[in-house]
Amino acid sequence: MGDTDLFSPLTLRDLEIPNRIAVSPMCQYSCDTDGLPTEWHRVHLGSRAVGGAGIVMTEATAVEPRGRITRHDLGIWDDEQASALEPTTEFIRDQGSVPAIQLAHAGHKASKRKPWEGNDPITPKEGGWEVLSPSPEAYPPFGEERPEMRKATGEDIQDVVDAYREAAERSLSAGFEIAEVHAAHGYLLHEFLSPVTNQREDDYGGSFENRTRFVREVTAAVREVWPDDKPVFVRISGTDWLDDGPESWDVEQSARLAADLAELGADLIDVSSGGLHPDQDATGGPNFQVPLAERVDEGGDIAVGAVGGITEPKQADAIVRNGRADLVLVGREFLRDPYFGLRAADELAGEEAPAKWPIQYRRGVR
Ligand code: FNR
């Protein structure tokens, strides 16, 4: 057990993150039009900065329109979207927190209705759009027909790499200090990583090197425009949880990929899991993905983030203290309690707790 705890600052490149608690990216499906943020995004993300998170990360933010899960996803494919996000990043920074953006492309899980409107695919005729996939024939049966799905051509792949690069440039102009590449949960980049969904026979399919090529190209493109003093994260699914099924993506490949991404200048691997196939055999529960983060950590010289089933300050603190991860990302608990970071300071930081609360709220410290 080292001296590092949940409230030890984390320095990545020249960026000092005030504590080890991050708001995990969470889609809000709350844009009215064209991927533009609304008041909902500003208040939702701003509240969690007030609530003591060291990093506040946006939801999956589409790098191009066809990369949206729904018509209501946040986007960063044009300058108007970047400008509209600026007041939010400024507010987050004013609270001493670090604004981060998750850059995403939904691949063949795009063009759907919002979860609370059924989550089912929308065809182009109904106002949906063509979706990209590494290999349509391999799309796992989520019980849905996807006639609008198209196998990505080499040109499509290059377009997406370019879209990521340009989205990163825009994110920087919007004031974000961390860019996270979303390569998890069965979305486009994960679809290329996993042999379950990638049955290509070109340079982007087959061997480990070929299946990882797309995510390596995207990471390199983001790194190219992201300043040297600021970190890049990559979120991966540590495993498909299909160990008893077909050849799939697993934690050994994740550890290997982490080392490759470190060499390309990625600074932290955010280790989630699953989301690719309906037969996934995942258990859930407290800390269920932490062992994956630990294994990925052994893979290379790179920081790791743990996420999933982390709900209690002491639990989060133990993950960091025991060196199981460098950062803890909290999702649903931050929906239940936007002030999870303040609660953690109250419980864990003793006499230093008041200084970790916004001055306006300090009379609330116990
Ligand atoms: C998510 N999750 C998610 N993950 C991601 O990488 N990008 C995203 O946009 C979303 N969107 C999203 C929306 C909502 C409402 C939930 C609940 C979850 C997954 C999330 O970031 C996290 O990894 C999981 O929820 C597991 O962590 P918790 O919730 O157990 O702390």
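Counting convention: from 1, in listed order, for ligands and their atoms alike.
Tracing side-chain contacts under 4.5 Å through hydrophobic residues (I, L, V, M, F, W, Y), one reaches Val63 starting from Val215; they form part of the same cluster.
For the residue pair His190 / Asp240, a side-chain donor-acceptor distance below 3.5 Å is found, with atom types taken as modelled. With 3.5 Å as the limit, one finds no donor-acceptor pair spanning the side chains of Trp249 and Thr239. Gln102 and Thr58 are not linked by any side-chain donor-acceptor pair at a separation below 3.5 angstrom, with hydrogens and angles left out of the test. Side-chain atoms of Glu86 and Thr89 include no donor-acceptor pair closer than 3.5 Å. With no hydrogens or angles considered, no side-chain donor-acceptor pair links Tyr164 and Glu169 at under 3.5 Å.
Here the heavy atom of the protein found nearest to atom 10 (C) of ligand 1 is Pro25 O, 3.0 Å. Residue, atom and distance of the protein heavy atom nearest to atom 24 (C) of ligand 1 are Val307 CG2, 4.7 Å. Of all protein heavy atoms, the one closest to atom 15 (C) of ligand 1 is Cys27 O, 4.1 Å. Ranking the protein heavy atoms by distance from atom 18 (C) of ligand 1 puts Met26 CG, 3.8 Å first. The protein heavy-atom contact nearest to atom 7 (N) of ligand 1 is Gln102 OE1, 2.8 Å. Of the protein's heavy atoms, Gly308 CA, 3.8 Å lies nearest to atom 26 (C) of ligand 1. For atom 25 (O) of ligand 1, the closest non-hydrogen atom of the protein is Arg332 NE, 3.9 Å.
Distances between N or O atoms of Glu333 and those of ligand 1 include no value under 3.5 Å. Where the criterion is an N or O separation shorter than 3.5 Å, residue side chain and backbone included, Leu335 fails it with respect to ligand 1. Of the polar atoms of Ala60, at least one N or O is found under 3.5 Å from an N or O of ligand 1, judged by distance alone. At under 3.5 Å, not a single nitrogen or oxygen of Leu329, backbone or side chain, sits near a nitrogen or oxygen of ligand 1.
Ligand 1 lies out of reach of Ala184, whose nearest heavy atom is not under 4.0 Å from it. Using a 4.0 angstrom heavy-atom cutoff, Arg235 counts as in contact with ligand 1.
Residue His185 has at least one heavy-atom neighbour below 4.0 Å for each of these atoms of ligand 1: 4 (N), 5 (C), 6 (O).
Ring geometry for Trp241 versus Phe288: interplanar angle under 30°, hence parallel rather than tilted (30 to 60°). The aromatic rings of Tyr187 and His185 sit perpendicular to each other, their planes meeting at more than 60°, with 30° as the lower class boundary.
Counting heavy-atom neighbours within 6.0 Å of Arg363 CZ, excluding the residue itself, gives a total of 12 or less.
Partners of Arg216 according to the salt bridge (Lys or Arg N to Asp or Glu O under 4.0 Å) rule, which considers only residues two or more places apart in sequence or in another chain, do not exist here.
The heavy atom nearest to atom 22 (C) of ligand 1, out of those in Gly331, Ala22, Ser24, is found in Ser24.
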